[in-house]
Amino acid sequence: MDRQRRKILELGLGGMGILGGAIACSPIRLSESQDKSDKKIVVPPMKLSDASQERIKTSGLNPIAALREFDYGKVSQENGRTVREFELTAKTKTVKLDAATDFITWNVNDRVPGPTLRATEGDRVRIAFSNQAGHSHSLHFHGEHPSEMDGIKPIRNGAATIYEFDAKPYGVHLYHCHIEPVTRHIGKGLYGMFIVDPPTPRPPADEIVLIMAGYDTNGDGRNEMYAFNGLPHFYMQQPIAVQQNQLLRLYVLNMIEFDPVATFHVHANMFQVYRTGRSMTPTEETDVITMGTAERHILELKYGFTGKYMFHPHQDAIAEAGCMGLFDVVA
């Protein structure tokens, strides 16, 4: 174990404020194809209404940040290879799902979902994980890694650890707490997306993350509310602006517990499906796809007409309970 990693573990009780002294804050930005200097991709500004701004402020959740922000970590070179260092902290936070519903989350970095981590296949990934959530937690990453990095060992409250592995294979993955009961830990918000880009980049596109999840608000083992990116109904009240005739790449993940499956459907269009993001060519074209819990895909499409178009699960009960949104296609 090198000196820096040893220092992180020694200082784990101090939480992320101290961990930050060992690892600089990770930059969170748009994807490389969405960078403002790239004239090929236009990301229309999200003009937030006063009501949307107030809801973000009072809820404690920010679906706008979850939409297009990617955490690439602190990048360095070690022995000729790229290393990406991330800081993740399990925390407890009460959020307001609507005017009448408060919900105690267990979360990552005060966010539900947690930050979307991103690397390129073959990069070394080093995650400094600190637990400040009051219960034992862990982080289990989907993908390939040694057993000692599998994230099934409980990390007690006030402790820290490091997960380190090579980012592979390329595709859309996820991370989540793996402490029993896993359903409860995920259902309370301990999850996020982990994207591993292929060595040869995909074509430039407006890249958007949409994570479906449910909330069991009364502890009966059933979901009473649902959401894209944490906050029920938000994208119906604040449509997602996208550019007409421009490639849209959706990273869609189903993290709904208690319900065995959920579908994802777009109105007035069809999308190309890249299952689990594990292919550079689409496997099918459709307008609705069925996804079990933890299933995820890349979906690509373009909108040829301006206007507002719905997206939602085709289980109406899930959609009507908060998991529904609009794309606002602009010229």
Side-chain angles (χ1 to χ4, degrees), residues 31 33-34 40-41 66-68 70 113 116 118 120-121 142-144 167-174 191-214 226-229 235 239-240 242-257 259-319 323-329:
S31 71
S33 67
Q34 290 173 273
K40 297 179 181 179
I41 296 298
L67 199 64
R68 288 185 171 104
F70 302 93
T116 297
R118 197 157 183 176
T120 299
E121 186 177 67
H142 286 218
E144 299 177 15
K168 63 179 183 179
Y170 78 81
V172 186
H173 306 299
L174 64 146
Y191 60 86
M193 185 177 285
F194 174 43
I195 298 172
V196 179
D197 291 313
T200 300
R202 299 181 189 274
D206 182 3
E207 298 191 319
I208 285 176
V209 170
L210 292 172
I211 300 178
M212 300 184 288
Y226 299 86
F228 281 106
N229 294 346
Y235 297 126
I240 301 168
V242 299
Q243 190 73 23
Q244 181 185 18
N245 294 319
Q246 181 173 258
L247 182 62
L248 185 63
R249 180 172 297 127
L250 307 179
Y251 295 88
V252 181
L253 166 63
N254 175 22
M255 288 305 293
I256 299 174
E257 293 286 349
D259 296 88
V261 296
T263 56
F264 180 82
H265 168 58
V266 297
H267 281 212
N269 211 333
M270 304 286 282
F271 49 73
Q272 302 286 326
V273 179
Y274 300 77
R275 289 188 171 271
T276 320
R278 289 288 295 121
S279 172
M280 300 297 286
T281 57
T283 56
E284 61 187 286
E285 183 179 62
T286 182
D287 66 352
V288 60
I289 189 166
T290 301
M291 303 170 69
T293 302
E295 195 168 352
R296 63 276 184 195
H297 304 301
I298 291 175
L299 310 177
E300 291 187 349
L301 67 160
K302 294 181 181 180
Y303 282 93
F305 303 96
T306 59
K308 292 184 173 65
Y309 299 92
M310 274 188 171
F311 61 89
H312 57 83
H314 224 292
Q315 291 82 1
D316 291 340
I318 295 177
C323 203
M324 185 183 297
L326 292 166
F327 288 121
D328 183 11
V329 183

How long is the straight-line distance from [atom2] of [Y] back to [atom1] of [X], given to the nearest 0.5 Å?
{"X": "T276", "Y": "M291", "atom1": "OG1", "atom2": "CE", "answer": "8.5 Å"}
{"X": "M270", "Y": "T286", "atom1": "CE", "atom2": "OG1", "answer": "5.0 Å"}
{"X": "H265", "Y": "T290", "atom1": "NE2", "atom2": "OG1", "answer": "12.0 Å"}

Do [X] and [Y] have side chains that get closer than 4.5 Å, going by heavy atoms?
{"X": "L174", "Y": "Y191", "value": "no"}
{"X": "L210", "Y": "L67", "value": "yes"}
{"X": "M255", "Y": "P113", "value": "no"}
{"X": "I298", "Y": "R202", "value": "yes"}
{"X": "F327", "Y": "L248", "value": "yes"}
{"X": "Y251", "Y": "E207", "value": "yes"}
{"X": "R68", "Y": "I208", "value": "yes"}

For a quick test of reading the model, state the closest non-hydrogen atom pair linking [X] to [Y] and the distance between them.
{"X": "I256", "Y": "A262", "answer": "CD1-CB, 3.9 Å"}
{"X": "L253", "Y": "M193", "answer": "CB-CE, 3.6 Å"}
{"X": "F271", "Y": "V288", "answer": "CZ-N, 3.7 Å"}

**Prompt:** Does a side-chain N-to-carboxylate-O contact under 4.0 Å join K168 and E121?
**Reply:** no
**Request:** Using the test ring pair (Phe, Tyr, Trp, His ring centres under 6.0 Å), find all partners of H142 that sit at least two apart in sequence or belong to another chain.
**Result:** H140, H176
**Message:** Holding to side-chain contact (heavy atoms from CB on, under 4.5 Å), I want the full list of residues that pass it with K302, two or more places apart in sequence or in another chain.
**Reply:** L247
[X] side chain vs [Y] backbone, donor-acceptor pair below 3.5 Å:
{"X": "N254", "Y": "G292", "result": "yes"}
{"X": "T120", "Y": "D197", "result": "no"}
{"X": "T293", "Y": "E257", "result": "no"}
{"X": "R118", "Y": "F70", "result": "no"}
{"X": "H173", "Y": "I195", "result": "no"}

For residues 304-314, run the donor-acceptor check on the side chains, cut-off 3.5 Å, and write out each pair with its distance to 0.1 Å, sequence neighbours left out.
residue	atom	partner	partner atom	Å
Y309	OH	F305	O	3.3
Y309	OH	T306	O	3.2
H312	NE2	H267	NE2	2.9

Residue list, side chain to side chain donor-acceptor pair (under 3.5 Å) with [X], at least two apart or on another chain:
{"X": "T263", "result": "Q315"}
{"X": "Y170", "result": "none"}
{"X": "N229", "result": "Y235"}
{"X": "T281", "result": "S279"}

**Asked** Does D259 have any salt bridge (Lys or Arg N to Asp or Glu O under 4.0 Å) partners at least two apart in sequence or in another chain, and if so, which?
**Response** none
**Item:** Test side chain to side chain donor-acceptor pair (under 3.5 Å) applied to Y274 and H297, R249, E300, the passing residue
**Value:** E300
**Prompt:** Which salt bridge (Lys or Arg N to Asp or Glu O under 4.0 Å) pairs, counting each pair once, include a residue from residues 265-293, with sequence neighbours left out?
**Reply:** R275-E284, R275-E295
